[in-house]
Amino acid sequence: MTTTPTGGPAAVSGSGTPAAVPARGPSRLLHPDPMVRRLARLTLLNTLGNGLSLAVAVLFFTGVLGLSAAQLGFGLTAAGLCGVAASIPAGRAADRWGIRRVLVVLVALEAAGTAGYALVHGYAAFVLLACAVTAADRGSSAVRNALYAEVLPADRRVAGRAYLRVVTNVGMCLGTALGAVVLQLDTRAAYVAAILLDALSFAVVAVLYGRIRLAPPAGGHTGPGTGAAAGAEGGAGSGARTGGRGPNPALRNGPFLAVTALNAVLCLQFAMLEVGVPLWIVKETQAPRIVVAGTLVVNTVLVVALQVRATRGTERPESAARACGRGGLLLAGSSVVLGLAHGLPAVAAAVVVLAGIALQALGEVLSQAGGWALGYDLAGEGAHGSYQGVFNAGTSAAMMIGPALVSTAVIGYGLTGWAVLGAVFAAAGLAMAPAVRWAARRRAPAVATATA
């Protein structure tokens, strides 16, 4: 479940291996790292607001602001383009002026922009505001990922992000449940209150981010993509020493760009889940419409239960690439299974669809864990903002074009369309290993130069 970036979560020891957690009591659900717990509280608050806003946004824009479906679609598409464009400069700004400072500014802009929706009159104002809010949102996402790299030791970042993704899913579910109350009330005052509550959550989160200290984490090990080799490769180290000035090192790092593109292809799975599967169920299968909600429940439960565990074994780029490969194959299998639901009786179609979603969730947790690991491991340790900005731009692009791609190139073509999508997932996942080997070959001369 993306919205949009997983039992009890495993703790991680200083060596990056699972550590024991208390077997009883609520403490087993809390991460042992105080910083992760602090970030989890921020994430829960933020995603509560996001879930609330997501549940009511369409009806607010169409019912309260009076936009047509076509106007809303165009405005959101324009906003999506702005979001893709904002990620890279936001990351560079974080390297130049400081991660925490830039993150606070971007989240504060989200707060102000979201509140501004309640004051919008006119379509042009809506489009401009939507572009500004989405640019701030995607930019803050990139900078937030860089923040994780700064406040968490290198060998705990991926596990920490997995735990935060669990919290994200929980927060989104709770926020969506609150949104259901607003939808039931169905009044202008209720919709406006929901939007303003989302804005308030951003404002509080901005203040709390401002209180996080970016002291170097103690006891962390540098990963394979860090240290002297990373600094020499692709100019990553110079990005830190020049404060974000000069050429963007991430844009000169071929293997990193390849991994970014492949990860973006794997992220099309979210459009498949959120747009393709509902359309497929309603238009092309006999499954009851309630199965649409069932698919989200199955996905959320499995991601919450398995995301932290899926990070185990992704400590090195080679193993992270293998996780992406397995994830891509599972997504391919999911696509084919979903395509087989066409023409089946209602109950059989529902069972097949839910089985396909179970495979998708397994592929999701593996591909996400591998992608996060590679996004950090292949990046320069001194230029987190630049690298995460580029990586996030790839994800944002997939989220922007994914709905149109899935709805036009998959739905309506039956099993063939799903099989082609599955082949794309498999190819992207399996291509991660050659990309990582390319990175290793590129790093080897840099290591020799740095240590000579």
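Along the sequence shown, the residues carry numbers beginning at 1.
Gln388 places none of its side-chain heavy atoms less than 4.5 Å from the side chain of Tyr148. With a 4.5 Å cut-off on side-chain heavy atoms, Lys283 and Pro278 do not count as touching. You'll find the side chain of Trp438 stays beyond 4.5 Å of the side chain of Val259, heavy atoms only. Counting only heavy atoms from C-beta outward, the side chains of Leu54 and Asn50 never approach each other to under 4.5 Å. A 4.5 Å side-chain heavy-atom check between Val291 and Thr295 finds at least one atom pair inside the cut-off. Between Cys324 and Leu366, every side-chain heavy-atom pair lies at or beyond the 4.5 Å cut-off. Looking only at side-chain heavy atoms (C-beta outward), Asn248 and Ile88 come within less than 4.5 Å of each other. Looking only at side-chain heavy atoms (C-beta outward), Met272 and Leu268 stay at 4.5 Å or farther from each other.
A distance of 5.5 Å separates CG in Leu266 from OG in Ser367, rounded to the nearest 0.5 Å. Atom CG in Leu197 sits 10.5 Å away from atom CG in Leu48 (nearest 0.5 Å). For the atom pair CG (Leu81) and OG1 (Thr134), the distance works out to 10.5 Å, reported to the nearest 0.5 Å. Annotation: the span from Leu152 atom CG to Met35 atom CE amounts to 7.5 Å, rounded to 0.5 Å. Here Leu178 contributes atom CG and Leu174 contributes atom CG; the two are 9.0 Å apart, rounded to the nearest 0.5 Å. Rounded to the nearest 0.5 Å, atoms CG (Leu296) and CE (Met172) are 10.5 Å apart.
Taking the ring-ring contact (aromatic ring centres under 6.0 Å, His included) definition, one finds that Phe126 meets it with Phe61, sequence neighbours left out. Taking the side-chain hydrogen bond (donor to acceptor under 3.5 Å, both in side chains) definition, one finds that Ser87 meets it with Asn392, sequence neighbours left out.
Looking only at distances, no side-chain donor or acceptor of Arg326 sits under 3.5 Å from a matching main-chain atom of Gly363. A donor-acceptor pair is defined here as one N or O able to donate and one able to accept, closer than 3.5 Å; such a pair exists between the side chain of Ser140 and the backbone of Asp137. A donor-acceptor contact shorter than 3.5 Å links the side chain of Glu315 to the backbone of Gly313. Checked by atom type and distance alone, the side chain of Thr300 never pairs as donor or acceptor with a backbone atom of Val297 at under 3.5 Å.
What you find for Val56 and Gly179 is that their closest heavy atoms are CG1-O, 3.9 Å. Closest approach of Val167 and Thr47 over heavy atoms only: O-OG1, 4.0 Å. Shown here for Gly276 and Val406, the closest heavy-atom pair between the two residues is CA-CG1, 3.4 Å. In terms of heavy atoms, Gly371 sits closest to Asn263 at CA-OD1, 3.7 Å. Closest heavy-atom contact between Thr168 and Thr43: OG1-CG2, 3.2 Å. When all heavy atoms of Pro317 and Val436 are compared, the pair lying nearest together is CB-CG1, 3.7 Å.
Counting heavy-atom neighbours within 6.0 Å of Tyr413 OH, excluding the residue itself, gives a total of 12 or less. Heavy-atom contacts from other residues, nucleotides or ligands closer than 6.0 Å to CD of Gln71 number more than 12.
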Donor-acceptor pairs under 3.5 Å, side chain of residues 327-355 to any protein atom, not counting sequence neighbours: which ones?
from: Ser334; atom 1: OG; to: Gly356; atom 2: O; distance (Å): 2.7
from: Ser335; atom 1: OG; to: Leu331; atom 2: O; distance (Å): 3.0
from: His342; atom 1: ND1; to: Glu284; atom 2: O; distance (Å): 2.7

Leu106/Phe202 under side-chain contact (heavy atoms from CB on, under 4.5 Å): CA gap, chis, key distance, verdict:
CA-CA 10 Å; Leu106 289 173; Phe202 281 123; over 6 Å; no

May I have the step-by-step check of side-chain hydrogen bond (donor to acceptor under 3.5 Å, both in side chains) for Asp95 and Ser386, ending in yes or no?
CA-CA 7 Å; Asp95 283 343; Ser386 298; 2.5 Å; yes

Passes side-chain contact (heavy atoms from CB on, under 4.5 Å), Arg161 versus Asn145? Steps please.
CA-CA 9 Å; Arg161 281 195 65 175; Asn145 292 339; 3.5 Å; yes

Check against side-chain contact (heavy atoms from CB on, under 4.5 Å), Val133 and Leu129:
CA-CA 6 Å; Val133 171; Leu129 188 58; 4.3 Å; yes

Run the side-chain contact (heavy atoms from CB on, under 4.5 Å) test on Arg138 and Val84 for me, step by step, so that the C-alpha distance in whole Å, both residues' side-chain angles and the decisive distance to 0.1 Å come before the verdict.
CA-CA 7 Å; Arg138 299 318 303 160; Val84 174; over 6 Å; no

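Between the side chains of Tyr191 and Asp186, at least one donor N or O lies within less than 3.5 Å of an accepting N or O. Under 3.5 Å, the side chains of Ser201 and Asn46 contain no donor-acceptor pair of N or O atoms. For Gln368 and Gln307, the side-chain atoms include no donor-acceptor pair closer than 3.5 Å.
Within the cation-pi definition used here (under 6.0 Å to the ring centroid, within 45° of the axis), Arg157 qualifies as a partner of Tyr376.
In this pair, Phe391 and Phe256 present their aromatic rings tilted. The plane angle is within the 30 to 60° band.
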